[in-house]
Amino acid sequence: MHVSGERSIGAETIEVAVTGDNTRVAVLPKDAVESALDVKAPAQAGYLPRSTSGVFIGREAELSALRDSLTGGGSAAVVQPERTPAQTISGLGGVGKSALALHYATRYRSNYTLVWWITADSPESILTSLAGITQRLCPQSAQKLEPDQRAAWALTWLQAHPDWLLIFDNVEDPEHLAPYLGTLSGGHHLATSRRATGWQALAPMVSLGLLPSDEATDLLCTIAFQGAAVHSEQREAAKRLAHDLGYLPLALEQAGAYAHRTGIDLDAYRAHLALVLGENRDAPSPEQTIARIWDHTLSAITDRDPLAVTLLQAMAWLAPDNIPRTLLEPLAPHTIALNNALGELHAYNMIAFTTDRQSVTIHRLVQTVLRTRTPAQPHNDDTKPTAPGRAEAEQAVRNALPSGYQDTAAWERLLPHILALAETTRTDNAPSVDTANTYYLGAQYLYRQGRDAHTIALRTAALAQYEQVLGATHPATLTSRSNLALAYQAVGDLGRAIPLMETTLAQHEQILGDPHPDTLNCRNNLAGAYQAVGDLGRAIPLMETTLAQREQVLGDSHADTLTSRNNLAGAYYTVGDLGRAIPLMETTLAQRKQILGDTHADTLNSRNNLASAYYTVGDLGRAIPLMETTLAQREQVLGDTHADTLNSRNNLASAYQAVGDLNRAIPLIETTLAQRKQILGDTHPDTLTSRNNLASAYHTVGDLNRAIPLIETTLAQREQVLGDTHPDTLTSRSNLAGAYYTVGDLGRAIPLLETTLTQREQVLGDTHPDTLNNRSNLAVAYYTVGDLGRAIPLLETTLAQREQVLGDTHPDTLTSRNNLIAARKAASGVQLPDNALNHQSPSDTPEQLA
């Protein structure tokens with residue numbers, strides 16, 4: 001996730017990147033921006049969960065360390081004062097990390113303008129919790145904003161106001177917090193996590209261990225005896241029980257609650273549990289400790305209220321935080337029974353109520369134990385036991401599904417629980433179409449919100465259930481498989497997307513027939529994936545087939561037909577077949593303008609692509625005005641930092657560079673690179689393109705000290721992210737060879753040019769413009785070292801191919817002709833200057849949007 005904000009005085013809107021994968025940007029309208037800047041937090045504002053036991057014992061040293069770190073006493077704040085003071089608490093489940101964070105927030109609440117508790121086990125839950133800040137501070141704005149916008153409002157408020165405390169509870173991946181720690185600098189961040197690694201670069205870490213014996217005994221006595229006088233015998237019994245419970249705070253709290261509720265003597269409780277450990281035995285895991293006290297607690301609750309156990313077992317499969325009462329209501333005969341059962345669980349410290357008592361939370365360790373326990377089976381029952389509560393949880397979520405996608409508040413409340421069901425599916429959970437439909441609907445809500453990258457867990461779970469119940473070729477299964485493939489493609493995982501698409505296409509062809517619209521969609525998607533990985537040999541025939549079929553089935557001007565025409569033109573462009581690409585692009589642009597309008601996103605894509613094609617054939621007189629128009633329209637329609645706007649800005653900068661206008665090109669490239677790093681991340685393919693282009697511009701103006709390190713970095717990143725033979729990787733490798741040539745390092749330049757040429761011939765084809773550039777530069781390098789025997793044949797081949805592909809008067813053709821003339825003169829003994837041949841500049845081809 002990246003937190004950003006392009007803000008200027010009088011701006012109508014701002015854009016805030018809000019997602020964990022840097023793919024979502026929320027646009028805040030002007031009135032929301034103004035309220036985020038102006039609204040003040042009321043005294044003691046915030047949200048903190050309630051403790052299950054209400055008791056906190058000890059940990060004074062840890063509290064002191066937290067306070068010192070968060071108030072800037074740590075070395076990190078001194079070395080990097082722009083970094084937000086932050087602190088991390090790590091430790092095993094049930095050790096009291098959340099309790100320590102809660103106690104810190106309670107003790108020092110008066111020192112903060114806002115204290116906010118954030119469930120942080122996923123990027124989605126972080127956003128949901130942040131959106132709650134908007135609801136609390138500015139409910140009138142919250143009512144008018146979508147979920148992402150509410151999170152964006154909260155981030156904008158936090159950036160504009162100081163002295164707050166954010167508590168990120170149960171962080172699964174420290175990287176999810178990195179943007180907050182780097183961008184939100186006006187307050188304090190406190191995180192809890194079971195992960196003890198990955199925090200070194202983010203925040204000082206307090207490693208939280210088990211309670212000391214005396215503090216564990218105090219905690220047990222406080223809960224078990226509830227303020228009554230504790231005799232020495234009772235304290236000794238508590239000390240023995242605390243030892244057997246491994247000094248784990250959660251186990252101590254639940255044992256104390258059981259003893260208080262039932263009145264059982266602590267030694268008797270200890271004997272019943274059979275927890276006495278041998279002197280040489282290792283301490284049990286938290287799960288084992290909780291499991292050993294479980295049967296007696298559940299038995300006691302069952303005797304008092306069987307419904308309470310049913311609810312507890314169902315809650316084990318839901319998200320641990322903010323389980324609405326309304327979600328549990330279908331499991332109870334009436335509201336009074338529900339209230340009584342929840343009260344019983346609260347009395348045993350099994351759950352905690354939220355501040356408004358409309359939702360409950362359950363400890364994650366309690367959930368883990370419940371999910372891994374199965375009921376005993378009768379001796380004559382051979383059926384596989386199923387985990388208790390799972391069916392009830394699925395039914396509760398199913399009953400709560402909104403009727404449509406308009407009620408975003410209801411979906412946001414329910415979504416964590418749908419995700420929890422998908423992520424906790426076990427082999428003994430009976431598959432059902434109803435459950436698969438639940439996952440499908442949740443994924444579709446995310447997709448409609450522009451969060452397709454976050455649907456993978458739900459789409460995977462839905463597909464597995466559809467396959468088991470309906471079979472591999474049922475229409476619902478085919479749709480589910482196609483959706484999962486597209487989700488993988490959305491996150492750039494083509495290695496998993498393409499096999500899924502191939503399977504789905506084959507099944508659609510077999511079941512629905514070759515010209516069915518769904519089959520054509522699958523074929524189009526697969527062709528696009530092939531193109532994305534640079535496999536144009538398979539992409540283009542598939543695109544040509546799909547276009548012909550769509551023209552026949554859907555008509556010449558159907559939106560899907562226009563998409564196929566645009567995609568095919570883009571593929572021709574990629575392989576350097578501009579003779580077919582440009583007419584197709586011109587036709588598509590004219591049709592899209594007529595049917596969709598001049599500023600429709602698809603029309604803008606077509607205009608961008610046509611401008612790129614004009615650029616490639618050297619027609620800068622038509623390319624630059626078209627690029628300038630497209631950029632202005634995208635800024636107006638899509639916003640300043642939209643991915644397509646950045647694409648246009650990059651392309652215009654490339655065109656300015658091509659005509660030698662470096663004074664306009666370099667600042668534009670630098671701006672685009674900075675925006676892409678902020679919004680997309682440092683190794684996103686588009687960011688790498690901008691870095692490549694900036695290095696190219698530095699090379700062009702002769703600043704090799706900045707160009708070469710940037711090219712080397714880009715090449716290494718492209719090799720890692722895109723692969724060794726991806727066209728963009730080959731571009732970087734060629735550019736590095738060109739930079740080495742420029743500084744006279746032919747020993748490194750020539751082998752790199754030879755390798756790249758071989759790879760480009762194999763990947764792009766013998767006459768692709770990039771292959772021709774590579775061949776030309778290798779010939780010039782041979783000439784420079786005096787190897788005319790290899791230089792001249794290569795120059796002759798390049799000239800003939802450029803005349804055929806680019807035309808007789810293209811600038812690159814003219815360069816080849818001049819180079820060949822000079823080389824032949826040199827071969828005949830004519831003395832020529834050292835720079836007689838023209839080595840072409842690094843390539844930075846404008847980008848295409850399919």
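Note that this is a predicted model, so its numbers are computed, not measured.
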Is there a donor-acceptor pair under 3.5 Å between the side chain of [X] and the backbone N or O of [Y]?
| X | Y | answer |
| --- | --- | --- |
| S776 | L772 | no |
| T771 | G765 | yes |
| T797 | P793 | yes |

Legend entry - Result of checking D728, D770, D724 against R733 for salt bridge (charged side-chain N to carboxylate O under 4.0 Å, His left out): D724
Inset, instruction - Check the pair R691 / T687 against side-chain contact (heavy atoms from CB on, under 4.5 Å), numbers first and verdict last. - result: CA-CA 6 Å; R691 189 171 287 119; T687 306; 4.1 Å; yes
Can a side-chain donor-acceptor contact be found between [Y] and [X] if the only test is distance below 3.5 angstrom?
| X | Y | result |
| --- | --- | --- |
| N609 | N566 | yes |
| R676 | N647 | no |
| Y573 | T616 | yes |
| R802 | S816 | yes |
| Q675 | D640 | yes |

Heavy-atom check, side chain of [X] versus side chain of [Y], under 4.5 Å:
| X | Y | value |
| --- | --- | --- |
| L820 | R824 | yes |
| T815 | N819 | yes |
| L662 | Y656 | no |
| R760 | T731 | yes |

Inset, instruction - Check A527 against A539 and note the closest heavy-atom contact, atom names and distance. - result: O-CB, 3.6 Å
Legend entry - For the student: nearest non-hydrogen atoms of Q657 and S696, plus distance: NE2-OG, 3.0 Å
Enter the distance from [X]:[atom1] to [Y]:[atom2] here, rounded to the nearest 0.5 Å.
| X | Y | atom1 | atom2 | result |
| --- | --- | --- | --- | --- |
| L794 | L788 | CG | CG | 12.5 Å |
| N525 | E502 | CG | CD | 13.0 Å |
| L722 | L688 | CG | CG | 6.5 Å |
| Y783 | I792 | OH | CD1 | 9.5 Å |
| N777 | Y782 | CG | OH | 12.0 Å |
| H600 | S606 | NE2 | OG | 10.5 Å |

Inset, instruction - Among L631, T630, I669, find the one that has a side chain to side chain contact (heavy atoms under 4.5 Å, CB included) with L652. - result: L631
Legend entry - side chain to side chain contact (heavy atoms under 4.5 Å, CB included) partner of T767, the single match among R775, Q801, E761: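 Single pass found, and it is Q801.
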Inset, instruction - List the steps, then state whether side-chain contact (heavy atoms from CB on, under 4.5 Å) holds for M627 with Y615. - result: CA-CA 10 Å; M627 288 179 177; Y615 169 97; 3.9 Å; yes
Inset, instruction - Output, in order, the C-alpha distance, side-chain angles, deciding distance and verdict of side-chain contact (heavy atoms from CB on, under 4.5 Å) for L710 and R706. - result: CA-CA 6 Å; L710 207 55; R706 285 200 287 180; over 6 Å; no
Inset, instruction - Kindly determine whether E635 and R649 satisfy side-chain contact (heavy atoms from CB on, under 4.5 Å), including the steps that lead there. - result: CA-CA 10 Å; E635 288 174 338; R649 193 170 287 123; 2.9 Å; yes
